[in-house]
Amino acid sequence: MILYHGSYLEIQTPDLIHSRKNVDFGRGFYTTPIYEQAVKWCEKFKRRNKSGIVSRYNFDETAYKQLKVLTFDSYSEEWLDFILHCRKGKDSTDYDIVIGGVANDKVFNTVELYFDHLIDKQEAIRRLRYEKPNLQICLRTQRALDGYLHYEGSERI
């Protein structure tokens with residue numbers, strides 16, 4: 001399977017050292033099988049007068065059988081709970097890979113409304129849904145990166 005990563009740098013050798021904490025699925029290297037989504041991820045860098053670069057990888061899907069994988073097939077309470085837990089920095093799970101939908105740009109406002117008990121979980125999920133199809137695959141361990149993700153090239157956007 002081909003996966004893409006949108007950034008301001010070409011990333012030939014992904015690692016976890018440069019990944020951010022407290023994001024949707026926790027610390028990890030975020031990819032997507034949807035090229036257009038990776039291009040969209042580049043937009044925030046381009047707005048800051050940086051380059052937009054989409055790196056392309058071949059992902060060995062045997063990882064799904066050999067590693068610990070968590071998959072969210074839909075936007076659900078479990079999906080929201082996991083994202084909230086990760087964004088609070090309280091994720092202690094040992095998943096190698098987490099797969100699921102992307103929370104849209106309104107996530108910070110929505111999460112704040114939920115934390116302040118101004119909306120319930122169902123309303124938060126409704127607000128977080130993306131209108132367009134999307135998918136993020138977060139590789140959270142170096143084992144997953146080194147053993148199953150192979151760099152193929154990149155392009156400037």
Side-chain angles (χ1 to χ4, degrees), residues 1-48 50-108 111 124-125 128-157:
M1 166 192 311
I2 299 298
L3 295 179
Y4 303 97
H5 175 81
S7 181
Y8 64 96
L9 299 169
E10 174 184 44
I11 302 176
Q12 294 183 16
T13 308
D15 62 47
L16 299 175
I17 295 167
H18 296 96
S19 63
R20 296 179 322 181
K21 297 178 182 178
N22 306 339
V23 290
D24 285 0
F25 295 152
R27 182 178 287 253
F29 187 70
Y30 283 77
T31 63
T32 179
I34 305 168
Y35 175 80
E36 294 79 13
Q37 184 175 323
V39 170
K40 183 172 172 111
W41 287 345
C42 290
E43 289 175 7
K44 69 181 175 183
F45 301 111
K46 292 180 81 170
R47 284 192 298 271
R48 298 178 194 152
K50 294 185 178 184
S51 297
I53 298 177
V54 173
S55 296
R56 185 179 65 258
Y57 306 88
N58 188 329
F59 177 67
D60 179 354
E61 293 181 75
T62 62
Y64 296 142
K65 294 180 182 174
Q66 297 172 354
L67 299 177
K68 190 170 181 183
V69 179
L70 175 63
T71 302
F72 295 101
D73 293 322
S74 65
Y75 294 96
S76 63
E77 285 192 30
E78 293 78 20
W79 171 84
L80 179 59
D81 286 342
F82 192 82
I83 286 177
L84 295 175
H85 209 67
C86 289
R87 285 187 172 261
K88 287 180 187 177
K90 296 184 177 182
D91 176 45
S92 61
T93 61
D94 62 348
Y95 292 106
D96 296 293
I97 300 172
V98 179
I99 303 167
V102 178
N104 74 14
D105 294 340
K106 298 175 188 173
V107 70
F108 294 110
V111 169
I125 291 167
L128 292 172
R129 284 197 174 103
Y130 239 71
E131 292 79 24
K132 296 179 180 178
N134 69 78
L135 184 66
Q136 59 188 351
I137 299 174
C138 179
L139 293 97
R140 297 173 15 133
T141 61
Q142 202 61 46
R143 177 181 175 207
L145 290 170
D146 293 343
Y148 302 92
L149 194 68
H150 309 287
Y151 177 78
E152 288 196 337
S154 67
E155 70 176 289
R156 188 173 302 273
I157 302 300

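- Separation of atoms CD (Gln37) and OH (Tyr35) is listed at 13.0 Å; rounding is to 0.5 Å.
- Put simply, the side chain of Val69 reaches to within 4.5 Å of the side chain of Thr71, judged on heavy atoms.
- The shortest distance between side-chain heavy atoms of Leu135 and Val102 does not fall below 4.5 Å.
- Remark: Arg140 CZ to Arg27 CZ distance equals 11.0 Å, nearest 0.5 Å.
- Remark: Lys46 engages no residue in a salt bridge (Lys or Arg N to Asp or Glu O under 4.0 Å) (not counting sequence neighbours).
- Atom-to-atom distance recorded for Lys88:NZ and Ile83:CD1 is 13.0 Å, nearest 0.5 angstrom.
- The shortest distance between side-chain heavy atoms of Cys86 and Asn22 does not fall below 4.5 Å.
- Taking the six-membered ring where the residue is Trp, Phe72 and Phe25 present parallel rings, their angle staying beneath 30° rather than reaching 60°.
- Residue pairs meeting the salt bridge (Lys or Arg N to Asp or Glu O under 4.0 Å) criterion with at least one member in residues 61-77, sequence neighbours excluded: Lys68-Asp94, Glu77-Lys121.
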Between Leu139 and Phe59, is the side-chain contact (heavy atoms from CB on, under 4.5 Å) condition met? List the steps. CA-CA 11 Å; Leu139 293 97; Phe59 177 67; 3.9 Å; yes
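- Considering Ile34, Thr31, Thr32 in turn, Thr31 is the only one that fulfils the side chain to side chain contact (heavy atoms under 4.5 Å, CB included) rule with Leu3.
- Listed by chain and number, the residues in a salt bridge (Lys or Arg N to Asp or Glu O under 4.0 Å) with Asp96 amount to none (sequence neighbours excluded).
- Expressed to the nearest 0.5 Å, how far CG of Leu80 lies from CG of Asp24 amounts to 10.5 Å.
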Let me see the working for Tyr95 and Thr141 under side-chain contact (heavy atoms from CB on, under 4.5 Å), right down to the final yes or no. CA-CA 8 Å; Tyr95 292 106; Thr141 61; over 6 Å; no
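- Taken to the nearest 0.5 Å, the OH atom of Tyr8 stands 12.0 Å off from the SG atom of Cys42.
- Closest of all the heavy-atom pairs between Gly6 and Trp41 is N-CE3, 3.9 Å.
- For residues 1-16, no residue pair satisfies the salt bridge (Lys or Arg N to Asp or Glu O under 4.0 Å) rule, not counting sequence neighbours.
- Remark: Phe29 pairs with His5, Tyr57 by the ring-ring contact (aromatic ring centres under 6.0 Å, His included) rule, at least two apart or across chains.
- Under the salt bridge (Lys or Arg N to Asp or Glu O under 4.0 Å) criterion, the residue pairs touching residues 148-157 are Arg56-Glu152, with sequence neighbours excluded.
- Considering all non-hydrogen atoms of both residues, Ser19 and Gly28 come closest at CB-O, 3.1 Å.
- No side-chain heavy atom of Val54 sits less than 4.5 Å from a side-chain heavy atom of Ser154.
- Contact of the Pro33 side chain with the Ile137 side chain is registered, since non-hydrogen atoms from C-beta on lie closer than 4.5 Å.
- Atom CD1 of residue Ile157 and atom OG of residue Ser7 lie 11.5 Å apart, to the nearest 0.5 angstrom.
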Should Thr93 and Phe82 be marked as a side-chain contact (heavy atoms from CB on, under 4.5 Å) after you check the CA-CA gap, both sets of side-chain angles, and the distance that decides it? CA-CA 10 Å; Thr93 61; Phe82 192 82; 4.0 Å; yes
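- Side chain of Trp79 to backbone of Gly101: a donor-acceptor contact under 3.5 angstrom is found.
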